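Structure first, then comments.
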Amino acid sequence: MKVGDLIKSNTRYKGQLMLVIDTRIRIGSDLSGNLQQIRVVSMSSGVKTRWCRATTWEVISESG
């Protein structure tokens, strides 16, 4: 997942399309491994999320 992708949540924010505004990789400890996290903004309301796991989101349209 990368900045500019149009996505939707698999768990929360049902029915809302969101835009990825920032990404980061968290270095895991023990068996968790590396984890991609994203921040997104709602296309309809402009609400920004906190950092969340990219695995809980589905890409609708990739950027560029």
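Source: prediction; values computed, not measured.
Remark: M1 CE to R53 CZ distance equals 13.5 Å, nearest 0.5 Å. Rounded to the nearest 0.5 Å, atoms CE (M43) and NZ (K8) are 15.5 Å apart.
Residues passing the salt bridge (charged side-chain N to carboxylate O under 4.0 Å, His left out) test with K48: none are found, sequence neighbours excluded.
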Could you pull out all donor-acceptor pairs under 3.5 Å where a side-chain atom in residues 13-28 meets a protein atom, sequence neighbours excluded?
residue	atom	partner	partner atom	Å
K14	NZ	N10	O	3.1
Q16	OE1	S42	OG	2.9
R24	NE	Q37	OE1	2.7
R24	NH2	Q37	OE1	2.9

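In this structure, I38 and I7 have side chains that are in contact, with non-hydrogen atoms separated by less than 4.5 Å.
Scanning all heavy atoms of the two residues, the minimum distance from C52 to W57 falls at SG-NE1, 3.2 Å.
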